[in-house]
Structures are given as C-alpha cells and as structure tokens.
Amino acid sequence: IIKFYEELKDYYPGFSNKEFTAENMYARIFPDEKFSYSKMKLLESDMLKLAEEYLAFIGYKENSYEKDKFLLSELKKRKLIKMFEINYKRANKDLENITFKDENYFFAKFYFENQKILNITNNKLYYGKDIIQKQLDYFIDYFLLQILRLYSFMTYQQKYLFGFDFNLHFLDEVVAYISRYPDEMK
C-alpha cells in the first residue's frame with residue numbers, strides 16, 4: 001500500500017495523465033508480476049479506506065470537543081477518576097473560552113455533564129442535585145437553539161424558496177416557554 005501511495009503521488013492532483021491506468025500502476029508496484037485485476041481492486045479499496053480514515057482523523061484532530069468527548073468516555077470506562085476530573089475541568093475551561101456559544105456549545109456542555117454523572121455513578125461517588133440540574137439546563141439550551149435554528153430554516157424555505165407547507169405547531173410552544181422563562185435563557 002505504501003508503494004501504491006508513492007506511485008499515486010506522481011499523478012496528484014489531476015490524475016489525468018494518459019499513463020495513469022490500472023495496468024501501468026500495477027506494473028510499477030509489482031514489476032515482476034502479471035497484471036491482476038482483483039489484486040489491483042483490492043489495493044485501491046484498501047487505499048480508499050485508509051484515505052477515509054485519514055480524513056476522519058483530521059476532522060477529529062481539529063475538533064477539540066470530539067477529542068475531549070472520546071477521552072472522557074475512555075477515562076470513565078477505565079475508572080481513572082483523577083484523570084477524568086482533570087480532563088473534565090480542562091475540557092469545560094476550553095469550552096468557556098469559545099466566544100460564540102451556539103447549540104453545539106450547549107450540547108458539549110450537556111455531554112460533559114452526562115459523562116461526569118456516569119463517572120460518578122460508575123465509581124459509586126456522591127454527587128449533588130446541581131450536577132443533574134446543570135445537565136438538564138444545558139440540554140434545554142441546546143434543544144431550544146437547535147429547534148429555533150431548524151424552524152428558522154423551515155420558515156425561510158416556506159416563505160422565500162419553495163413554498164413548502166411545514167408543520168410549525170410546536171414553534172408556538174417553544175416561543176411560549178421562552179416567554180415564560182426569559183431569565184433562563186443565556
């Protein structure tokens with residue numbers, strides 16, 4: 001697969017050279033072998049899987065929330081209480097440094113609180129009601145922001161683009177909730 005990668009680099013980015021054929025690539029990778037269509041397809045398939053995994057890894061590496069999410073989950077599973085607490089605090093501190101706190105921020109806060117509760121219960125530690133309340137509050141904030149964003153998108157589609165007839169009945173309930181509890185909104 002490494003040799004295949006090295007050969008592919010010669011044709012990047014266009015891959016449009018007349019010499020870029022399965023047969024020619026095979027001959028360069030396996031110079032002493034007769035062309036095998038199935039072996040070449042298997043090599044291409046393996047390369048594609050590696051490329052997809054690489055792209056997923058790049059996205060994971062660039063997203064500190066995703067890294068923290070998996071790290072906390074693994075520390076919880078392994079019952080590494082002290083390391084969990086250290087990384088939980090750091091992850092929350094990192095989140096607080098985000099300037100634009102959208103629904104993803106609140107979902108991350110909810111998720112981290114959930115991991116904390118699971119860590120505490122798995123290790124039979126004590127926790128107060130404030131942890132559960134914070135988890136619920138973050139989830140409500142996430143839900144409200146996400147549903148308002150969806151309703152906004154749907155309303156735009158309905159009014160300006162396609163005239164879709166969406167069911168927006170729950171929007172009244174969301175607006176009523178926000179009106180009843182304006183101080184709850186951050």
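Computed from a predicted structure; not experimentally measured. Worth knowing before you read on, the calculation uses all heavy atoms, side chains too, and leaves out hydrogens, waters and symmetry mates.
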For [X] against [Y], the heavy-atom pair lying closest together:
X      : Y     : answer
Phe112 : Ala91 : CE1-CB, 3.7 Å
Lys34  : Tyr26 : O-CE2, 3.2 Å
Met25  : Leu8  : CE-N, 3.7 Å
Glu19  : Asn24 : O-ND2, 2.9 Å

Do the charged groups of [X] and [Y] touch, with an N to O distance under 4.0 Å?
X      : Y      : value
Glu52  : Lys49  : no
Asp130 : Lys134 : no
Glu7   : Lys3   : yes
Lys101 : Asp141 : no
Lys109 : Glu96  : yes
Glu44  : Lys41  : yes

Check whether more than 12 heavy atoms from other residues, nucleotides or ligands sit under 6.0 Å from atom CE of Met83, and answer yes or no.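 No, because the 6.0 Å sphere around CE of Met83 holds 12 heavy atoms or fewer from other groups.
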Any non-hydrogen side-chain atom of [X] less than 4.5 Å from a side-chain atom of [Y]?
X      : Y      : answer
Leu145 : Asp102 : no
Glu74  : Lys77  : yes
Arg90  : Ile86  : no
Lys39  : Leu42  : no
Ile178 : Leu148 : yes
Tyr5   : Leu50  : no

Honestly curious: do [X] and [Y] fall in one hydrophobic cluster under the side-chain, below-4.5 Å linking rule?
X      : Y      : result
Leu171 : Tyr181 : yes
Val175 : Tyr177 : yes
Phe4   : Tyr12  : yes
Phe70  : Phe84  : no
Phe153 : Tyr156 : no

Between Glu66 and Lys69, is a side chain to side chain contact (heavy atoms under 4.5 Å, CB included) present by the stated rule, with each step listed? CA-CA 5 Å; Glu66 289 297 325; Lys69 182 174 126 178; 3.6 Å; yes
Please tell me whether Tyr142 and Phe110 form a close aromatic pair, meaning their ring centres lie under 6.0 Å apart.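 Not under 6.0 Å, so no.
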May I ask you to check whether Phe15 and Tyr11 place their ring centres under 6.0 Å from each other?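 Ring centroids of Tyr11 and Phe15 are no less than 6.0 Å from each other.
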Rounded distance [0.5 Å steps], [atom1] in [X] versus [atom2] in [Y]:
X      : Y      : atom1 : atom2 : result
Glu113 : Phe106 : CD    : CZ    : 12.5 Å
Asn114 : Ser73  : CG    : OG    : 10.0 Å
Ile98  : Tyr65  : CD1   : OH    : 10.5 Å
Leu150 : Phe170 : CG    : CZ    : 12.0 Å
Ile29  : Ile2   : CD1   : CD1   : 12.0 Å
Lys76  : Leu72  : NZ    : CG    : 9.5 Å

With side-chain contact (heavy atoms from CB on, under 4.5 Å) as the test, pick out the partner of Asp68 among Asn92, Asn87, Asp94.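 Single side-chain contact (heavy atoms from CB on, under 4.5 Å) partner of Asp68 among Asn92, Asn87, Asp94: Asp94.
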Using only heavy-atom distances, determine whether the side chains of Gln115 and Tyr111 contain a donor-acceptor pair under 3.5 Å.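 Yes, because at least one side-chain N or O of Gln115 sits under 3.5 Å from a partner of the opposite role on Tyr111.
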